Amino acid sequence: MIGAVDELLARLAHENAVLVRVTSTQGSAPREAGTWMAVWANGLTGTIGGGQLEFQATEESRAMLAGAPPIDGVRRYPLGPSLGQCCGGVMFLSYQAIGARDAPALKRELVAHLPPVALFGGGHVGAALGRLLATLPFSVRWIDSRDGVFPAALPAQIDAEHSEPVQDAVAQLAPQSRVLIMSFSHSEDLDIVIACLKRLRARDDLPYIGLIGSKTKWATFRHRLEARGFTEAEMSRVTCPIGTPGIHGKEPEVIAVAVAAQLLQSMG
């Protein structure tokens, strides 16, 4: 699987495009501010919502690629009768001509606004989840205590990090990170959970903490956490077993789908 940012960067190495971004919206709109698409002479990467709006933005972008004057500033698009879309709101779009020289800045820019996820564990499930999250609107910090567990090439939305001891990375996570814990050992998992609960006490800025494992594993962890002075309210902030209920199967890819679905639900 390849994410939209990776597709953009790969194609931009040998072809120019126009980057269309949703800068803001009013009322009902098919996509939110920050959404983007790249328009190529032949094809699109990403989408700003489809329909007549996307068709018109594509035509205007291809005119720029063909030599028409650039579109300056932000352009307003009412989504009513004039565009034949029933949303009824207003979208504001910007247009930017881009080429290979813009790739490094675009990579930083397009990933920076994505909600952060911290993924602890580079095993089979962690790898399957990383591949899936790279296609979803998340920026991922992938952490393991072992050397040599990460693939040589990583998607644009994933940064890999070696941390020993692994729980030390918790203090450096971006605010509002959603944390997924699936290391190679129960001991490491417990250390990471403890570090997350301590951070919640200090900053309360981790909106989701998911721990892979069974109800039996969580019962064991609860006893150990209680012995360390954590309260029922604090322990309730940890989701274990992890993943959306009702999705069955122990294959790494199936678990990854269930976890990714739960992450998306946690976004509200």
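Note that the structure is predicted; figures quoted are calculated from it, not measured.
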For this session: Provide the full list of salt bridge (Lys or Arg N to Asp or Glu O under 4.0 Å) pairs with a residue in residues 103-128, sequence neighbours left out, each pair given once.
Result: R21-E109
Exercise. Under 3.5 Å, is there a donor-acceptor pair between the side chain of W142 and the main chain of F120?
Worked result: no
For this session: Show the numbers, then the answer: is there a side chain to side chain contact (heavy atoms under 4.5 Å, CB included) between L225 and L190?
Result: CA-CA 9 Å; L225 293 169; L190 181 60; 4.0 Å; yes
For this session: Check whether any side-chain heavy atom of R62 sits under 4.5 Å from a side-chain heavy atom of V39, and report yes or no.
Result: yes
For this session: Examine distances only and state if a side-chain atom of T220 and a backbone atom of T216 form a donor-acceptor pair shorter than 3.5 Å.
Result: yes
Problem set entry | No-hydrogen, no-angle side-chain donor-acceptor test under 3.5 Å, E188 and S145 | yes
For this session: Report yes or no: does K217 contribute a side-chain atom to a donor-acceptor pair with the main-chain N or O of P241 at less than 3.5 Å?
Result: no
For this session: For the pair S266 and R178, evaluate side chain to side chain donor-acceptor pair (under 3.5 Å) and give the outcome as yes or no after the intermediate values.
Result: CA-CA 9 Å; S266 78; R178 285 160 170 78; 2.8 Å; yes
Problem set entry | Check: Q262 main-chain N/O paired with T244 side-chain donor or acceptor under 3.5 Å | yes
Seminar exercise, completed: When rounded to the nearest 0.5 Å, the distance separating CD of E54 from OG of S61 is 10.0 Å
Exercise. Counting only N and O atoms by type, is there a donor-acceptor contact under 3.5 Å from the side chain of Q96 to the main-chain atoms of L19?
Worked result: no
Exercise. Has the side chain of S139 got a donor or acceptor atom that lies under 3.5 Å from a matching backbone atom of A112?
Worked result: no
For this session: Can you establish whether the number of heavy atoms outside R224 located under 6.0 Å from its atom CZ is more than 12?
Result: no
Exercise. Would you say H248 has more than 12 foreign heavy atoms packed within less than 6.0 Å of its NE2?
Worked result: no
For this session: Treat each ILVMFWY residue as a node, draw an edge where side-chain heavy atoms are under 4.5 Å apart, and state whether V170 and L211 are in one component.
Result: yes
Exercise. Taking R31 for the side chain and T47 for the main chain, is one N or O donor matched with an acceptor at less than 3.5 Å?
Worked result: yes
Exercise. Is there a donor-acceptor contact under 3.5 Å from the side chain of Q157 to the main chain of P137?
Worked result: no
Exercise. Hey, does L93 have a side-chain heavy atom less than 4.5 Å from the side chain of L53?
Worked result: yes
For this session: Look up atom NZ in K198 and atom CG in L200, then write down how far apart they are to the nearest 0.5 Å.
Result: 12.5 Å
Exercise. Would you say the side-chain atoms of R141 pair up with the backbone N or O of I158, donor to acceptor, closer than 3.5 Å?
Worked result: no
For this session: Decide yes or no for L132 and F138: does some side-chain heavy atom of the first lie under 4.5 Å from some side-chain heavy atom of the second?
Result: no
Problem set entry | Interatomic distance, I143 atom CD1 to E161 atom CD [nearest 0.5 angstrom] | 5.0 Å
For this session: Treating Ile, Leu, Val, Met, Phe, Trp and Tyr as nodes and any side-chain heavy-atom pair under 4.5 angstrom as an edge, say whether V111 and L129 lie in one connected cluster.
Result: no
For this session: Evaluate whether atom NE2 of H186 has more than 12 neighbouring non-hydrogen atoms of other residues, nucleotides or ligands under 6.0 angstrom away.
Result: no
Exercise. Between L114 and L133, is there a shared hydrophobic cluster once you connect ILVMFWY residues whose side-chain heavy atoms come closer than 4.5 Å?
Worked result: no
For this session: Indicate yes or no: at least one non-hydrogen side-chain atom of W218 is less than 4.5 angstrom from one of V238.
Result: yes
For this session: Would you check if F221 and M235 make a side-chain contact, meaning some heavy-atom pair closer than 4.5 Å?
Result: no
For this session: Please examine the side chains of M37 and T58, heavy atoms only from C-beta on, and report whether any two atoms are closer than 4.5 Å.
Result: yes
Problem set entry | Heavy-atom donor-acceptor pair, R237 side chain to A233 backbone, under 3.5 Å | no
For this session: Could you tell me whether the side chains of Y77 and Q56 share a donor-acceptor contact shorter than 3.5 Å?
Result: no
Exercise. Between L173 and L263, is there a shared hydrophobic cluster once you connect ILVMFWY residues whose side-chain heavy atoms come closer than 4.5 Å?
Worked result: no
For this session: May I ask you to test the R199-D205 pair for a side-chain heavy-atom distance under 4.5 Å?
Result: yes
Problem set entry | ILVMFWY cluster, V149 and I212 together (side-chain gap under 4.5 Å) | yes
For this session: Please round to the nearest 0.5 Å and tell me the distance separating atom CD1 of I242 and atom OG of S214.
Result: 13.0 Å
For this session: Show your working on side chain to side chain contact (heavy atoms under 4.5 Å, CB included) between V259 and V125 and close with a plain yes or no.
Result: CA-CA 10 Å; V259 172; V125 176; 5.8 Å; no
